[in-house]
Amino acid sequence: MGHLVSPSLLSADFSNLAKDVQLVNRSSADWIHCDIMDGIFVPNISIGFPVVSAVKKIARKPLDVHLMIVDPDRYLSRWKETGADILTVQYEACTHLHRTVTEIRNLGMKAGVAINPHTPVSLLKNSLAYIDMVLIMTVNPGFGGQSFIMESYNKIAELRKMIDSGKYKVLIEVDGGVDTKNARRLVETGVNVLVAGNTVFNSKDPVGTIRKLKRL
Ligand code: DX5
Ligand code: ZN
């Protein structure tokens, strides 16, 4: 399987979101990445249920919803109702991760776990059997347009080994500072899903940029 591309709406035009969702619809992107921030887990607040359900109405690709919120268990079924297809929680925000990811799957969504730059991939060793995706944060979560943290390559390679040696069916997604220059090395290191916000929506030709990220 080739890699997937999931453009992040965080860098889209929120005064004309339909236009940017339609742009992603007609592009070669695979998923649509929606960043949910609560102002507590991260020092920023983004969008919530009403905006994501509006996106769902017109989206023709699966919604890849990334929760950067504390206590995500309170809202798992709400995200299902809102239209999330893949629901990713932050490892650092979960006290009972197994319970959380099991609930996400029971609700009929794919379960992802995101880890911050300081969180070692080894902490996921005993969770790989129960999840569908690991999101390696390649910047500190909270904002679009930050620069990629180079240590992330070591984390990706280590996680790739863990997944392959255990024959787990787990995708590796990266998020933050992804661009048309580092995308190829990321995929070669073992990434399955590239998230890109700033690179896509602040380029002159977003559809062309998505195509570049897709055909490396
Ligand atoms: C950051 C978000 C990202 C963000 C990535 O906290 O989780 O999804 O949109 O943005 P870029 O691609 O601009 O670094
Ligand atoms: Zn994200």
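Not measured: the values here are computed from a predicted model. In each ligand, atom 1 is the first atom listed, and ligand 1 is the first ligand listed.
- The nearest protein atom to atom 1 (C) of ligand 1, hydrogens excluded, is given as F143 O, 3.5 Å; this is a heavy-atom distance.
- Taking the side chain as every heavy atom from C-beta outward, S28 and V5 never approach each other to under 4.5 Å.
- Heavy-atom proximity to A196, at under 4.0 Å, picks out these atoms of ligand 1: 12 (O).
- Side chain of E173 to backbone of M133: no donor-acceptor contact under 3.5 angstrom is found.
- Among all non-hydrogen protein atoms, the one lying nearest atom 12 (O) of ligand 1 is G197 N, 2.8 Å.
- Using a 4.0 Å cut-off to heavy atoms of H66, the atoms of ligand 1 that qualify are 7 (O).
- Listed by number with element, the atoms of ligand 1 under 4.0 angstrom from any heavy atom of G144 are 10 (O), 13 (O).
- For CZ of F148, the number of neighbouring non-hydrogen atoms (other residues, nucleotides, ligands) closer than 6.0 Å is greater than 12.
- Each of the atoms 11 (P), 12 (O), 13 (O) of ligand 1 lies under 4.0 Å from some heavy atom of N198.
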(message) One pair to check against side chain to side chain donor-acceptor pair (under 3.5 Å): S6 and D64. What are the steps and the verdict?
(response) CA-CA 8 Å; S6 187; D64 171 29; 2.8 Å; yes

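- A 6.0 Å sphere centred on OH of Y130 holds no more than 12 heavy atoms belonging to other residues, nucleotides or ligands.
- In terms of protein heavy-atom proximity, atom 5 (C) of ligand 1 is nearest to D175 OD1, 3.3 Å.
- In terms of protein heavy-atom proximity, atom 14 (O) of ligand 1 is nearest to G177 N, 2.8 Å.
- In K61, the NZ atom is crowded: over 12 heavy atoms of neighbouring residues, nucleotides or ligands sit closer than 6.0 Å.
- Distances below 4.0 Å separate heavy atoms of P141 from the following atoms of ligand 1: 6 (O).
- Counting heavy atoms from C-beta on, the side chains of V51 and L9 never come closer than 4.5 Å.
- Residues E151 and K155 are not paired through a salt bridge, judged by the lack of any N-O separation under 4.0 Å between the basic side chain and the carboxylate.
- Below 4.0 Å from some heavy atom of H33 lie the following atoms of ligand 1, by number and element: 8 (O).
- Atom 9 (O) of ligand 1 has its closest protein heavy atom at S8 OG, 2.8 Å.
- Contact atoms of ligand 1 toward M68: 6 (O), 7 (O) (distance under 4.0 Å to a heavy atom of the residue).
- Protein heavy atom in closest approach to atom 2 (C) of ligand 1: D35 OD1, 3.4 Å.
- The side-chain heavy atoms of K214 and L4, taken from C-beta on, include a pair separated by under 4.5 Å.
- Looking at I36 and I47, their side chains come closer than 4.5 Å, going by heavy atoms from C-beta outward.
- Excluding waters, the set of protein N/O/S atoms under 2.8 Å from the Zn ion (ligand 2) reads H33 NE2, D35 OD1, H66 ND1, D175 OD2.
- Residue contacts with ligand 1: V195 is placed with no nitrogen or oxygen under 3.5 Å of a nitrogen or oxygen of the ligand (distance criterion only).
- Scanning all protein heavy atoms for the shortest distance to atom 11 (P) of ligand 1 gives G145 N, 3.6 Å.
- Salt bridge present: K56 and D85 bring a charged side-chain N and a carboxylate O closer than 4.0 Å.
- The protein heavy-atom contact nearest to atom 6 (O) of ligand 1 is G142 N, 2.7 Å.
- With salt bridges taken as basic N to acidic carboxylate O contacts below 4.0 Å, one links R105 and D132.
- In terms of the side-chain contact (heavy atoms from CB on, under 4.5 Å) criterion, residue partners of T82 (sequence neighbours excluded) are, by chain and number, F49, V52, S53, W79.
- Every atom of ligand 1 is numbered from 1 in the order shown, and the set under 4.0 Å from a heavy atom of L10 is 4 (C), 9 (O).
- Tested against L194, the residues I210, N182, V178, T199 include a single side chain to side chain contact (heavy atoms under 4.5 Å, CB included) partner, V178.
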